[in-house]
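Report on the following structure.
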Amino acid sequence: MAKRVISVLLATVMTVSLLVGCGGSGDSGSSDAGASTGTENASGSSDSGAAASGDYKGTIRFLNFKPEVSDAMQEVAAAYTAETGVDIQIETAASGQYESTLTARMDSSEAPAIFVVETATALATWKDYCRDLSDTDLYASVTNKAYTYEADGKVCGLVYVLEGWGIIVNSAITDAYFASANKSTEYTSLDELYTFDALKAVVEDMTAMKDELGIQGVFGSTSLKQGDDWRYQTHLMNIPLYWEWGADIDINGAVPEFSFKEASTFKNILDLYLNNSVTEPNLVGTKTVDDSMAEFALGQCAMIQNGDWAWNTILNTDGKVVENDKVRFIPITTGAAGEDKMGLTVGGSQAFCVNSQLPEEDQQAAIDFLTWLFSSETGKTLVAQKLQFVTPFSTMEGAEYTNPLFGSENEISATGKTAYSTVCNLIPDQTWKDDFGASLLLYAQGQKSWDDVVADAVAEWEVERKITNEANGY
């Protein structure tokens, strides 16, 4: 699947004003200026990385942020050691536990040489541990300065994955619904489901026909177990935040005030998920993201909210029945005014950093590994086909991707729909996310009113907003 899909996604990310660099220049030009490119081969990538790492006798430690690629990361580690002889240990933090895990590791004898930041708040916490990457080959290959985290005049991190999310659909099941003589709606295609009213009508009718369609529910489980609730307390929350603040909000600035004025539309889609699911609402506190993705892969449901990164999980599910070419996206709709013009949420926030507190040889070994990962033929194949990362590095040009969700992102972008920017980066902190997720669980279980969920979310936001803005110098 090819370069065009990836280039369209990169263009889409730029149209939603992605600028993750804290204190960065905002330069939208290429990143050539001021960067040392080293000695490059004909493809534009440097040979210096893998060659230099061959003399390194230590262990590169890397704390991975993304649980969904933990197995693939072990393949990456094995391939690097086989090709260079250098030992690399890749640990994956548990879902929702990255910051606490990183804090614990930084204070140990096994501090990671490579770690991840994903928000300006995280950068403020860890910037003194970040090596300046402006003199590296990998920085020279970044296609736009927007894909960097900058602080105190140095390049602290490089964004390594650009992602899109929405509702993933098994179109074999929805096609069967649209073709059925027993359906009660007039809708005939997924392309018509760009408003909440349309989605709700189809989903509720599919629920009534679930026996005919051979599914246990239209949606997979709404996983609200602590640590597995990020699809809702962060990703779904992106939609009402976008509509409250507008497209021009500075996603690197101070955390804004929040009134939850779109609380009713958030409730619309959450209720639709809960009431048309494989799992009863009172049981969602026992469900994980892996559970819900397995339900989708096994054909037990037709839809699931998640992102393009979920393809690895779908693909590697034992007993998978969903056909690769039947997996596609539709946007998340909630009933907000203007949503018919919107597409997926697209952006990038997670950035690799190299630990400046380690000896220089450990730092260089980490840089050599990252250069290999995104520049060598072995590394690029692993990134494209195992990790499934769309990256902002020019060295990845020409890599062949096999993720069908990238093609679906391309199709939605080609219709002229506007992508939601990742305004969820402005959620004050993990404390707010965790508490909001806990409130959603209580609501789903019938133990908390929606009005109380909203009131608590707004009140705690103000507390955490002040703490975060003060810590970040606002």
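All residue numbers in this chain count up from 1 along the given sequence. These numbers come from a predicted model, not from an experiment.
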- Within a strict 4.5 Å, meaning less than it, do heavy atoms of the Val202 and Leu193 side chains meet? yes
### Task
Using distance alone, with no hydrogens and no angle criterion, decide if Ser449 and Asp452 have a side-chain donor and acceptor under 3.5 Å apart.
yes
Looking at side-chain heavy atoms only, is the closest gap between Trp126 and Cys156 below 4.5 Å?
no
Distance col, row Gln305:CD vs Ile332:CD1, nearest 0.5 angstrom, shows 4.0 Å
Check your understanding: If you measure only the distance, is there a donor-acceptor pair under 3.5 Å linking the side chains of Glu99 and Thr103?
Key -> no
- Query: Is the number of heavy atoms from other residues, nucleotides or ligands within 6.0 Å of CG (Asp340) greater than 12?
  - Reply: yes
| message | Is the shortest side-chain heavy-atom distance between Thr391 and Val161 below 4.5 Å? | response | no
What one should report as the nearest heavy-atom pair of Ser421 and Thr345 is O-CG2, 4.1 Å
*Taking the side chain as C-beta and beyond, is there a heavy-atom pair between Met396 and Val383 under 4.5 Å?*
yes
Over 12 non-hydrogen atoms of neighbours within 6.0 angstrom of NZ in Lys448: yes
- Query: Does the side chain of Thr121 come under 3.5 Å of the side chain of Asn472 through a donor N or O and an acceptor N or O?
  - Reply: yes
| field | Centroid-centroid distance, Phe62 to Phe352, less than 6.0 Å | value | yes
*Side chain to side chain, Glu163 and Gln350, heavy atoms closer than 4.5 Å*: yes
Rounded to the nearest 0.5 Å, the CG atom of Leu190 sits from the OG1 atom of Thr174 at a distance of 4.0 Å
Do Asp308 and Tyr401 pair up side chain to side chain, a donor and an acceptor below 3.5 Å, judged on atom types alone?
no
Please confirm whether the ring centroid of Phe266 lies under 6.0 Å from the ring centroid of Phe436.
yes
Rounded to the nearest 0.5 angstrom, the CG-CD1 distance for Leu199 and Ile269 is 5.5 Å
task: Count the heavy atoms belonging to other residues, nucleotides or ligands that lie under 6.0 Å from CD of Gln226, then report whether that count exceeds 12.
output: no
Rounded to the nearest 0.5 angstrom, the CD1-CD1 distance for Ile330 and Ile167 is 4.5 Å
Report task. Might you confirm whether atom NZ of Lys225 has over 12 heavy atoms from other residues, nucleotides or ligands at distances under 6.0 Å? Result -> no
Value for OG1 (Thr313) from CD1 (Ile304), rounded to nearest 0.5 Å, stands at 11.0 Å
Do the non-hydrogen side-chain atoms of Val284 and Ser221 ever get within less than 4.5 Å of each other? no
Does Lys417 qualify as a cation-pi partner of Tyr194, given the criterion of NZ or CZ under 6.0 Å from the six-membered ring centre and within 45 degrees of its axis?
yes
Rounded to the nearest 0.5 Å, the CD1 atom of Ile427 sits from the CG atom of Leu241 at a distance of 5.5 Å
- Side chains of Asp434 and Thr431: donor-acceptor distance under 3.5 Å anywhere? no
Margin query: Quick one, Trp309 and Val390 - any side-chain contact, counting heavy atoms below 4.5 Å?
Written below: no
Next on the checklist: Below 30° counts as parallel, above 60° as perpendicular, anything between as tilted: where do the rings of Tyr242 and Tyr420 land?
Outcome noted: perpendicular
Please tell me whether Phe389 and Tyr160 form a close aromatic pair, meaning their ring centres lie under 6.0 Å apart. yes
